[in-house]
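What follows is a set of notes on a single structure, which appears directly below.
All values below were derived from every heavy atom in this structure, side-chain atoms included, with hydrogens, water molecules and symmetry-related copies excluded.
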Amino acid sequence: MSGDTLKVEFELSENDLAFFKERLDKARDNRADDEQMIIEGIAAMKKEAIAANPPKFVTDRLEKLDPLVNMVRDEDWKLSGEDRKRVLDALAYFADPDDLIPDRIPGIGYIDDAIMIDLVSAGLAPELDAYADFVAHCEDLAEEGGEDKPTLEEARKVMQSRMHRRRKRSRSLTGGFGGGPGFAIRYF
């Protein structure tokens, strides 16, 4: 330990990952396919979390929810079908008021959310990477006028195709949660 920093590290076994996946599945089953409820629930959870003044490692992870919500809401990205369902299923946990550790418990109420955000982000890495590339492309088009650049539609198709290939490859390596056996989560 150096200065005012404490490093906490733990490793999640396959059984631990299965435990978290069960919680994610339960939240998904409880959401009743209500996309708006999920988006509003996440906004409310984030607002309450920030008001509770959680540790920095929690607020850092809460920010990782923004691109997931944005990709669902982005009309140019046109996330649909199974792709949209994957993201919404992952987001359902954060809109569920009955998550693993009740959020109202001071100091620790958002630790399960931080862990789940890391797991979901790892599992949705292909989606997050493709969407980040798409957003960067949109910004480039806006700044440079778009000469000699693919249209948004062309870029979206290429990036979503790459997302599917990467997801297929990562699923075969990690079982779908992005970390594989012994997945380590580090908080600094």
Next on the checklist: Does either side chain, that of Tyr131 or that of Asp74, offer a donor lying less than 3.5 Å from an acceptor on the other one?
Outcome noted: yes
Just list the side-chain donor-acceptor pairs under 3.5 Å for residues 64-71, sequence neighbours left out, or say none.
unit_1: Lys64; atom_1: NZ; unit_2: Asp118; atom_2: OD1; d: 3.3
unit_1: Asp66; atom_1: OD1; unit_2: Lys46; atom_2: NZ; d: 2.4
unit_1: Asp66; atom_1: OD2; unit_2: Lys46; atom_2: NZ; d: 3.3
unit_1: Asn70; atom_1: ND2; unit_2: Asp66; atom_2: O; d: 3.2

Checklist entry - Sub-3.5 Å donor-acceptor pair from the side chain of Asp140 to the main-chain atoms of His137, do we have one? => result no
Checklist outcome for this item: When every non-hydrogen atom of Ala130 is compared with those of Met163, the smallest separation belongs to CB-CB, 3.7 Å
Checklist entry - Atom CZ in Arg169, atom CZ in Arg166: separation rounded to 0.5 Å? => result 7.0 Å
Item to check | Validation row: Leu79, Val87 side chains within 4.5 angstrom (heavy atoms) | outcome: yes
Checklist entry - If you group Ile, Leu, Val, Met, Phe, Trp and Tyr by side-chain heavy-atom gaps below 4.5 Å, do Val158 and Val135 land in one group? => result no
Checklist entry - Is any side-chain heavy atom of Arg167 less than 4.5 Å from a side-chain heavy atom of Asp83? => result yes
Next on the checklist: Between the side chains of Asp129 and Arg162, is the shortest nitrogen-to-carboxylate-oxygen separation below 4.0 Å, so that they form an ion pair?
Outcome noted: no
Checklist outcome for this item: Note: Ala52 and Tyr110 closest approach over all heavy atoms is CB-CE1, 4.1 Å
Next on the checklist: Rounded at 0.5 Å granularity, tell me how far CG in Asp76 sits from CZ in Arg156.
Outcome noted: 9.5 Å
Checklist outcome for this item: Nearest heavy-atom approach of Pro54 to Ala49 is CD-O, 2.7 Å
Checklist entry - Going through the distances and angles, do Trp77 and Leu152 end up as a side chain to side chain contact (heavy atoms under 4.5 Å, CB included)? => result CA-CA 8 Å; Trp77 183 235; Leu152 285 181; over 6 Å; no
Item to check | Derivation of the side chain to side chain contact (heavy atoms under 4.5 Å, CB included) call for Glu40 and Ile38 | outcome: CA-CA 6 Å; Glu40 289 171 4; Ile38 291 170; over 6 Å; no
Checklist entry - Between CG of Leu12 and CD1 of Ile115, what distance do you get to the nearest 0.5 Å? => result 7.0 Å
Checklist entry - Rounded to the nearest 0.5 Å, how far does CD of Glu143 lie from SG of Cys138? => result 11.5 Å
Next on the checklist: Could you report the tightest heavy-atom contact between Ala155 and Pro150, atom names first, then the distance?
Outcome noted: N-CB, 4.2 Å
Checklist outcome for this item: When rounded to the nearest 0.5 Å, the distance separating CD of Glu127 from CG of Leu124 is 5.0 Å
Item to check | Met45 side, atom CE; Ile50 side, atom CD1 - distance, nearest 0.5 Å | outcome: 9.0 Å
Checklist entry - With a 4.0 Å cut-off, would you call Arg28 and Asp25 a salt bridge? => result yes
Next on the checklist: Would Lys85 and Glu82 count as a salt bridge (charged side-chain N to carboxylate O under 4.0 Å, His left out) here? Give the steps.
Outcome noted: CA-CA 5 Å; Lys85 183 179 179 336; Glu82 186 61 29; 5.4 Å; no
Checklist entry - Looking at residues at least two apart in the chain, or sitting in another chain, which of them share a salt bridge (Lys or Arg N to Asp or Glu O under 4.0 Å) with Arg84? => result Glu35
Item to check | Carboxylate-amine/guanidinium proximity below 4.0 Å for Glu153 and Lys78 | outcome: yes
Checklist entry - Is Arg23 positioned over the aromatic face of Phe19, cation under 6.0 angstrom from the ring centre and no more than 45 degrees off axis? => result yes
Item to check | Test log, rule side chain to side chain contact (heavy atoms under 4.5 Å, CB included), inputs Tyr93 and Asp113 | outcome: CA-CA 8 Å; Tyr93 180 86; Asp113 298 290; 3.7 Å; yes
Checklist entry - In terms of side-chain geometry, is the basic nitrogen of Glu154 or Lys157 positioned less than 4.0 Å from the acidic oxygen of its partner? => result no
